[in-house]
Amino acid sequence: MTDPRAARREKLRQIEAMGIDPFGSRFDDRTLIADCRRQASEIKFKTNDGELLALPDFDAEVDYRQWKADHGPGEEIGPTVRVAGRIMLSRPTGKLIFLNIKDWTGSIQIFVGKKQVGDDDFSLAKLFDLGDLVGAEGRLGRTNTGELTVFAEKLFFHTKMLEPPPEKHAGLTNADLRQRMRYADLAFNDGPLETFLNRTRIIKSIRETLDSDGFCEVEGPTLHTVAGGAAARPFETHHNALDMPLTMRIALELHLKRLMVGGMERVYELGRVYRNEGLSPRHNPEFTMLEAYQAYGDYGSMMDLTERIICNAIESIGGGYEREYGGQTIDFTPPFKRATYAELFQQATGIDSGDEASVKAYALKLGLEIEGKHPDVIRNEIFEEKVEDTLTGPIFVIDYPASICPLTKRKQGNPDIAERFELFICGMELANAYTELNDPDLQQKLFETQLEGLDDEESMAKMDHDFIRALRHAMPPAGGLGVGIDRLVMILTGQKSIRDVILFPVLRPES
RNA sequence: GAGAGUGUAGCUCAGUCGGUAGAGCAUUCGACUUUUAAUCGAAUGGUCCUGGGUUCGAGUCCCAGCACUCUCACCA
């Protein structure tokens with residue numbers, strides 16, 4: 001019998017025959033492997049004269065067997081630990097088996113000697129397969145090579161793995177299988193578990209930053225009758241009892257603003273939004289967004305907040321402000337650079353973004369379609385083409401052309417400029433913030449005035465009468481911020497694909 | 001939606017000019033009480049993505065389809 005699955009089931013049967021539950025049970029007083037590593041310094045060598053010696057430094061070239069001969073006779077002593085985890089490697093050498101097990105804090109070697117654990121446990125150990133969840137209780141010590149090891153006195157069986165594991169060295173590399181079987185990716189590949197734990201730390205840190213700034217977290221509706229607040233195609237669904245169409249939200253904005261009208265002066269939501277668009281290494285149809293609104297603030301307040309959120313997030317996962325991404329070094333030491341849209345436009349193209357004729361000529365040179373488009377739309381297409389990719393950042397691009405920002409307050413004394421910034425890192429737009437428009441009549445007008453050159457789908461300006469009515473109840477002047485959390489996690493964890501920071505990205509069904 | 005690439009054993013991958021399907025790991029058996037990708041000896045394991053076509057003969061060439069990856073488009 002050499003079918004791996006059948007072999008595993010046969011061993012499961014033999015474990016049961018030994019009176020052991022192959023799917024285990026509660027295991028108390030467990031020592032996490034990271035704690036074992038912390039306790040390594042408690043391992044001492046006790047000479048027969050009763051002298052306690054610290055162990056040699058195993059980072060240096062040292063022959064521990066020789067060291068013991070030189071300092072002996074005596075014996076090693078160390079704390080007793082109780083570990084549990086998944087078997088990643090197994091090296092049987094006759095009446096002795098070395099196992100490497102992994103829990104979610106690290107991995108450690110287990111020494112299983114027939115004499116040391118007894119015949120029954122040794123027979124059990126011979127039924128262990130790679131991927132099984134097992135436990136061991138024993139003394140923490142060092143082998144002759146200095147490897148930190150649990151010298152098992154008792155073994156436990158926790159759960160049988162009935163599927164064959166991936167190749168033990170290369171792991172699971174097929175990108176489709178990694179996403180489809182994320183459990184196997186997390187369990188057997190180096191890296192993914194740490195990346196996703198870092199994602200959790202980053203999100204926790206973001207909440208802490210906002211909470212300590214006095215923001216309150218809320219949960220807006222994910223089912224909308226009008227999907228507004230962003231330019232995107234929504235997913236459409238249907239409510240049976242009410243017999244009416246609903247759409248999944250594409251942004252958090254409009255409901256959070258309603259809450260500011262209601263008196264929630266600092267409010268945020270960290271949640272999933274859904275956009276019915278193509279997939280790419282930077283796009284998943286559902287993704288996580290942070291939106292935060294601060295009454296009596298403006299886009300400048302949001303710039304400070306953005307910096308704090310990102311710097312705290314970096315500190316929560318360690319590694320310092322200088323980070324590598326896509327072969328570039330990004331320095332997150334605050335304050336981040338700031339430059340106006342017009343400056344960057346001028347630098348990249350050599351022309352004045354206010355000079356409409358030159359802008360049009362430049363667009364034609366780039367081969368852009370300009371027919372029937374609003375000058376600001378053309379301007380922005382050039383900006384996206386020539387500027388965005390070059391922004392290694394982190395850099396705040398500030399003061400956007402007003403007409404491409406229908407939810408933004410205009411700069412005082414300059415109605416053509418919107419008080420908006422976008423934060424760019426490695427050519428990716430990571431955050432977007434405004435001094436929020438709170439004039440209901442102007443908002444209504446902007447909703448009604450579709451931008452030239454934009455069809456309904458492309459426009460943010462979808463009429464939402466209830467939102468306008470809310471604004472008429474007085475929304476305080478405010479700053480608002482949106483952050484693409486998945487992209488932030490990508491950059492902070494060094495992942496090149498959004499699918500490596502989303503646990504279960506959208507996939508076609510398995511054939 | 002467009003273009004390019006990939007699809008072979010449970011996993012990671014070779015496969016030449018079209019001529020009997022290969023390796024490593026895993027699995028099974030044997031040896032081994034300080035190994036660490038343990039080692040050594042032996043064995044087992046295939047719908048070569050699917051369906052057509054060309055050919056005496058197709059993993060290999062052609063056509064169509066499916067899936068994944070990358071680039072572009074939409075978008076954040």
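Note that the structure is a prediction, hence the values are computed from the model and not measured. Letters go in sequence order (proteins before strands), and every chain restarts at 1.
With rounding to whole Å, N189(A) atom CG is found 13 Å from C11(B) atom P. Summarising the geometry, the separation between CG on L391(A) and C1' on A76(B) is reported as 15 Å, rounded to the nearest angstrom. Whole-Å rounding puts the R233(A) CZ to G1(B) P distance at 11 Å. When the P atom of A26(B) is taken as reference, atom CG of L162(A) falls 19 Å away, rounded to whole Å. As a whole-Å value, the separation of N174(A) CG from G10(B) P is 14 Å. Following rounding to the nearest Å, D3(A) (CG) and U27(B) (P) show an atom-to-atom distance of 12 Å. A26(B) atom C1' lies 7 Å from atom CG of L130(A), rounded to whole Å. I108(A) places its CD1 atom 20 Å from the P atom of U34(B), with the value rounded to the nearest Å.
The side chain of K168(A) places an N or O atom within less than 4.0 Å of a non-bridging phosphate oxygen (OP1 or OP2) of A26(B). Neither OP1 nor OP2 of C40(B) sits under 4.0 Å from any side-chain N or O of T93(A). Listed pair R91(A) / U35(B) fails the phosphate criterion, with no side-chain N or O lying under 4.0 Å from OP1 or OP2. A sub-4.0 Å separation between OP1 or OP2 of C68(B) and a side-chain N or O of Q179(A) is absent. Taking only side-chain nitrogens and oxygens, K126(A) never comes nearer than 4.0 Å to OP1 or OP2 of U28(B).
As judged by a 4.0 angstrom heavy-atom cut-off over every strand, D176(A) is placed among residues touching the sugar-phosphate backbone only. Across all strands shown, R65(A) has heavy atoms under 4.0 Å from sugar-phosphate atoms exclusively, and none from any base. Within the 4.0 angstrom heavy-atom criterion, base atoms lie near N284(A).
In this structure S280(A) satisfies the side-chain contact (heavy atoms from CB on, under 4.5 Å) test together with R282(A), H283(A), sequence neighbours excluded.
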task: With side-chain hydrogen bond (donor to acceptor under 3.5 Å, both in side chains) as the test, would you mind laying out the steps for R38(A) and T31(A) before giving the verdict?
output: CA-CA 11 Å; R38(A) 280 181 213 113; T31(A) 319; over 6 Å; no

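Comparing A76(B), C11(B), U12(B) by their nearest atom to the side chain of P166(A) picks out C11(B). When each of A76(B), C70(B), C11(B) is scored by its nearest atom to the side-chain atoms of L177(A), the top-ranked nucleotide is C11(B). Taking the side chain of A7(A) as heavy atoms from C-beta on, and the options U34(B), C11(B), U27(B), the nearest nucleotide is U27(B). When distances run from any side-chain atom of K11(A) to the nucleotides U71(B), U27(B), A76(B), the shortest one goes to U27(B). Of the candidates U33(B), C11(B), G10(B), the closest approach to any side-chain atom of K114(A) belongs to U33(B). Picking from C70(B), U69(B), G10(B) the nucleotide with the shortest atom distance to the side chain of R499(A) gives U69(B).
Shown here, U16(B) forms no base pair; nothing in the strands shown gives a Watson-Crick or G-U wobble contact with both key distances under 3.5 Å. Across all strands shown, nothing is found opposite U54(B) as a Watson-Crick or G-U wobble partner with both distances under 3.5 Å. Within the shown strands, G1(B) is the pairing partner of C72(B) under the Watson-Crick or G-U definition, both distances less than 3.5 Å. When both distances must be under 3.5 Å, the Watson-Crick or G-U wobble mate of A67(B) is U6(B). Across all strands shown, the partner of G30(B) is C40(B), judged by Watson-Crick or G-U wobble contacts whose two distances both fall under 3.5 Å. The partner of G46(B) is absent, by the rule that a Watson-Crick or G-U pair needs both atom distances under 3.5 Å. Nucleotide A21(B) has no partner under the Watson-Crick or G-U criteria, as no pair reaches both atom distances under 3.5 Å.
Comparing the P positions of G24(B) and U39(B) gives a spacing of 12 Å, expressed to the nearest Å. Taking atom C1' in both G46(B) and U8(B), the straight-line distance is 8 Å, to the nearest Å. Look at the P atom in both G10(B) and U6(B): the space between them is 22 Å, to the nearest Å. Rounded to a whole angstrom, the distance from the P atom of U47(B) to that of G22(B) is 15 Å. C11(B) and C48(B) have their P atoms separated by 15 Å, given to the nearest Å. Rounded to whole Å, the separation between the P atoms of U60(B) and U55(B) comes to 16 Å. Taking atom P on both G15(B) and C49(B), the two are 14 Å apart, rounded to the nearest angstrom. Of the C1' atoms belonging to C13(B) and C29(B), the separation is 27 Å, rounded to the nearest Å.
Side chains of R323(A) and T493(A): a donor-acceptor N/O pair is absent below 3.5 angstrom, by distance only. Between the side chains of Y293(A) and E291(A), at least one donor-acceptor pair of N or O atoms lies under 3.5 Å. A donor atom on one side chain and an acceptor atom on the other are found under 3.5 Å apart for Y400(A) and E422(A).
The side-chain ring of F98(A) is not stacked on the base of A38(B), judged by centre separation under 5.5 angstrom and plane angle under 30 degrees.
E147(A) contributes no side-chain N or O that forms a donor-acceptor pair with the base of U34(B) under 3.5 Å. Judged by distance alone with a 3.5 Å cut-off, a donor-acceptor contact links the side chain of T143(A) to the base of U35(B).
For the pair R13(A) and E10(A), the salt-bridge criterion is met [side-chain N within less than 4.0 Å of a carboxylate O].
Ring geometry for Y341(A) against F383(A) counts as parallel: the plane angle stays under 30°, on a 0 to 90° scale with 60° as the upper cut. Between H224(A) and H255(A), the angle of the ring planes lies from 30° to 60°, which puts this pair in the tilted group.
N100(A) pairs with exactly one of R91(A), R86(A), E147(A) by the side-chain hydrogen bond (donor to acceptor under 3.5 Å, both in side chains) rule, that one being R91(A).
For the pair E385(A) and D129(A), both in contact range of RNA chain B, the more 5′-proximal nearest nucleotide belongs to D129(A).
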